Every structure is written in structure tokens, then in C-alpha cells.
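Here is the structure we will look at.
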Protein chains: 2
Amino acid sequence: MKVKEVADLVCISVRTLHHYDEIGLLTPDEVTEAGYRIYSEENLENLQQILFFRELGFPLKRIKEIIHDPSFNKTEALKLHKSMLMKKQEQLNQLIDTIDKTLLNMKGERQMSDKEKFAGFDFSSNPYEAEARERWGNKAVDDANTKLNEKSQKEMRQFQEAFNETFRSLAEVRHEDPTAAISQERIHEWYVLLNSFGNYSKKAFKGLGEMYIADERFTKNIDQFGEGLAVFMRDAMAVYAEGLKK
Amino acid sequence: MKVKEVADLVCISVRTLHHYDEIGLLTPDEVTEAGYRIYSEENLENLQQILFFRELGFPLKRIKEIIHDPSFNKTEALKLHKSMLMKKQEQLNQLIDTIDKTLLNMKGERQMSDKEKFAGFDFSSNPYEAEARERWGNKAVDDANTKLNEKSQKEMRQFQEAFNETFRSLAEVRHEDPTAAISQERIHEWYVLLNSFGNYSKKAFKGLGEMYIADERFTKNIDQFGEGLAVFMRDAMAVYAEGLKK
DNA sequence: TATAAGGTATCACGTAACGTGAGGGTCAAC
DNA sequence: GTTGACCCTCACGTTACGTGATACCTTATA
């Protein structure tokens, strides 16, 4: 299949396909004597994968790393895409809900906080990086990050945002039993997030939870998201680490 | 509210807010003697609008045009955002469906065409431009388009893609009665699309439909999307123009 | 009152992901 | 042989910021 045929089939530009070839993301399996690109069925399957990652906001460099990883598995990736797309749908549902609330607010029928006005927006450059790391590892990301020992402002901000989001998520369920499924699901998200930036064993994770209580500054920072959250997290982390989920 | 407070509230960067200020998209209502930006409640409401447009892929220049248009109405915009977000939900549903079909295909339980493999992807730079034009007019877009008389390759491609998409959409319902609601909804999309690039009255629209039959090349091109589509469109366009919908 | 930490500003270069036009070659139908 | 459509590479342009440097401002603390 020639370049324009692929471009028309997929509704992307010829330039896009050239670009993907240039950066080694999608190399046509055949090139004619005149230099024309010919794409095979397998090229199209790879392109489908690439487009799923693009839809989810992954940068092309990252997509290339993931797809060229020997452990990459298309079936597994498709399942992960599906779950990420469902999360994106939840995000859009939240945006729609924000619109509904804003319309009521404008009619004077409902008050809404500043925070509520922005619920659902997520412009982080790659919101699914944490999950990608869990599946495809850290190596490429660490290599790509030229400053291994100092955290850039972006990383710190990303860190902080992801922290805050997870703290809020956990605050919502802090009155539940720490062994409950919902509590363990949420604390798992915390575990995944921490492992995006560091490398915590379950044991270390439990120890970290203890620190949230032992150090008053930690407790204070965490409890601003909801009173008693630090204690709840400590307990949920212990349950998680010991595999004692109900 | 100071710049970092807004950035944290909304989960965007301080640099983003500076950029929006620089380009005149979001100008803080107050600046202190030290030059600090202070954002008002109305600034936050405008920022919410901006973020809705961003979520839908509008370029910042276009957002600025729309928001500064005297006829701009926040309530109306919110309703339009909601409908566009629902369309995006449908697109994600289609992507999820594509994943499900691809997984079955990989198991050998189902065949799928190349076209099916790419159903749901839409990377056009601004998929909702046609609807935006319907609401907020053509002037700014025409001004921004420096080449008023010659169509760039991009515009031709955009044209062609939008054409193809609409033809497919219409082909799906070509066996329906041309006066049926679904037929008239689809042909309305065609009308809107044509008016993105030109300026057709309903009468001219009907005349165009006649041409689809009168000129054999038109018929041939259109019917490749589904046999009998050209006749169906001619009839549906006549019904539409005369307001004879069931 | 001095200090320190965090936050603010502007400036300017860099990045990613293409869009776009120029210039020239290839292919297939007429 | 001609022509229109398609193909190639090259290179500059665009958008939307990220990032680091440099310097000023604000507020809490000792």
C-alpha cells in the first residue's frame, strides 16, 4: 500500500507518515527502486497501535520505545488501551458534569466552588505515563530524562499534581475500612504513582506509610486533603503491603 | 488570585498562564505595582471556557477569536461544548469497539477490513471547526486564512476527509426514506460542511443535489460510497431545502 | 532588622509534531 | 510523447509551551 493510500485510509497526512519514517517509529517494510514507501499489513497493525497511543497523548518518542521493547505484546497493549480509553471517557463524563453544574450555577440554582469549575480537565502532557511504566518499565524513561539526579520543575509539578489528585481520591474513601476493596484499589494507585518516580518495594511502601504518622509535617500536609487521611493511608498501605485485602 | 494559585487550582502551568496573557487570550483583570498578575472570578470563568475549547482541540488563536466575538454567549457555548464532548465520547466508544474487534481478529474469531482497523481515530487539527463556524461565523477564519482564493493542500485534504466522512455517514442511511428524521439529520451535516467552505443557500443546496445526478462523474464518485447514494442525497437535499421533513 | 524561602516577573532558546512550499523524479493512462 | 497525479527530499515556518537564567517581591522567622 502506497503512502497516500495509507494516509487516506487512516485520515492522517502523508507528511505524518514521512515523519514517522524519519524518526524510526514506522518504517515501511518495502521501498521500491524509485524510493517509494510500500506499507505491509503488519505496518498497518503497528500503525493502529501507534494511533491508540497517540489518542492517549503519548509522545512519539515514548511510543517508539514501548513498541520496540522486546516484551511488547499487542494483545496486552490493546487491553490497556481499552482501560485507558474508558478512563478518558470518565474524564469526559466529569467534564460534562462540570458543564451541567456550571449551567445551573449561571441560572443561580446551584453554587459551585472554584475547584468544581475545573473538575475533569487534564492537560498533563502524558496522563497515562504511570500505567505505561507499570507495563513497560522505567529504563527508557530514565534514559530519556537527561537529569537523573535533579528533578526539573516540570517533574516536580507533575509529581505534585499527581500527588494531589491521588490524595483527593483517597480522601474520598478515608472513612471506609482500610481493608475494603475500594480502599485497596485507591492505595494501589498511590503505589503505582510512587513507583513512577522511585522504586518502592511493598515493604518500603509500608514503611513510608509509618512515616506519614511519625513525622508531623507529613501528617499535616496530607490531612489538608481530609482530616484523618494520613492515618487511613498508613493503615491501608500496611494492608496492601501484607496482602490482607478483604 | 495569584498566578500560582490559579495554576494549582486548574492543574496547568504558570508558563501557560503567562503565554495566554502574552497572546491576549486571558488578561488578568488586575496587576499589582510589582507587576504581579491578579486573576478575578470572571477571569476564572473565562479560563474555564478556554479549557473547554482546548479539550476539544481548538487552536488558541481561534479560541481568542470566538471568546472576543461580541455575539459570544457563555451559556450557548457550554451547551455546544457538551454536545461536542458527547460526540467525542462516541468517538471513544468507537475506538473501544475497534479494540474489541481487533482482539477478536487476533484470536481468529473475526475478520476485519483495513478500514475497520482505523475506525474512530480522528487527528484532524480541529475536528469541530464546522460546528464552531455555524455558531460563531466565518469572518475570523477567512481573515486568518491568508490565501482566500487558492486552496492549500491542507484545506483540500481537510475538505476531502470531511467529505468522505459525511458520504460514509449518509451511505449508512441511504436505504431510509429521504424525509425520515435520520436522513434529514445526516443531510444537515452535509449542508453545514459545505457552508464551512462556501456559502450555500438552501435553494442553491437543492440545485447542487440535482447536479449530483445530472453529471455522471459526480454520480460515480458519490456512489462509490454506496450504490444509489447520489440519488438518495439529491432527494434528501430537496426535502431539506423545502423543509418537508417528517 | 536581617535572613531565608517561596513566589513573581521578563527574556530567550529549545522542543515536538507536524504544515507547507520548492524543486525534481516516477507512474500509468491517453 | 504528453499529462495529471503521485512520489521523493529538503528546509523553513508554526504552535504551544518547557526550561533555565536573572533579578525583584513577599512573608515568615529568628
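Computed from a predicted model, the values in this text were never measured in an experiment. Below, read A as the first sequence line, B as the second, and so on, with proteins coming before strands; counting in each chain starts at 1.
The interatomic distance linking B:Asp21 (CG) with C:dA9 (C1') rounds to 11 Å, in whole Å. Taking atom CD of B:Glu22 as the reference point, atom C1' of D:dT15 lies 13 Å away to the nearest angstrom. Separating the CD1 atom of A:Ile50 from the P atom of C:dC18 is a distance of 11 Å, rounded to the nearest angstrom. As a whole-Å value, the separation of B:Arg54 CZ from D:dT15 P is 15 Å. In this entry the distance linking NZ of A:Lys2 with P of D:dC7 reads 6 Å, nearest Å. In this structure, the CZ atom of B:Phe53 is 18 Å from the C1' atom of D:dA16, given to the nearest Å. Note: CZ (A:Phe58) to P (C:dA16) measures 17 Å, nearest angstrom. In this structure, B:Leu26 atom CG and D:dA16 atom C1' are separated by 15 Å, rounded to whole Å.
Checked for salt-bridge contact, A:Arg37 and A:Glu5 miss the test: no charged N lies under 4.0 Å from a carboxylate O. For B:Lys79 and B:Glu76, the salt-bridge test fails: no basic side-chain N is under 4.0 Å from an acidic carboxylate O. A salt bridge does not link A:Lys2 to A:Glu30: none of the charged side-chain nitrogens sits closer than 4.0 Å to a carboxylate oxygen.
In the set D:dC25, D:dC17, C:dT8, the nucleotide with an atom closest to the side chain of B:Arg15 is D:dC17. Closest approach to the B:Lys4 side chain among C:dT8, D:dC17, D:dA16 is made by C:dT8 (side chain taken as heavy atoms from C-beta onward). If you check D:dT9, D:dT26, C:dA17 against the side chain of B:Tyr36, the one that comes closest is D:dT26. Of the candidates D:dC8, D:dC17, C:dA9, the closest approach to any side-chain atom of B:Val3 belongs to C:dA9.
Across all strands, B:Ile23 comes closer than 4.0 Å to no nucleic acid atom at all (heavy-atom distances).
At the phosphate of D:dT15, OP1 or OP2 sits under 4.0 Å from a side-chain N or O atom of B:Lys61. Phosphate contact (OP1/OP2 of D:dC17, side-chain N/O of B:Tyr20, threshold under 4.0 Å): present. A sub-4.0 Å separation between OP1 or OP2 of C:dT8 and a side-chain N or O of B:Arg37 is absent. For D:dC17, neither phosphate oxygen OP1 nor OP2 lies less than 4.0 angstrom from any side-chain nitrogen or oxygen of B:His18. OP1 or OP2 of C:dG19 lies within a sub-4.0 Å distance of a side-chain N or O belonging to A:Ser13. A close approach under 4.0 Å does not occur between any side-chain nitrogen or oxygen of B:Thr16 and OP1 or OP2 of D:dA16.
A donor-acceptor contact closer than 3.5 angstrom is absent between the side chains of A:Glu55 and A:His81.
Comparing B:Glu5 and A:His19 by the nucleotide of DNA chain C whose heavy atom lies nearest to each, the residue mapping closer to the 5' end is B:Glu5.
Between the OH atom of B:Tyr20 and the CD1 atom of B:Ile63 there is a distance of 6.5 Å, given to the nearest 0.5 Å.
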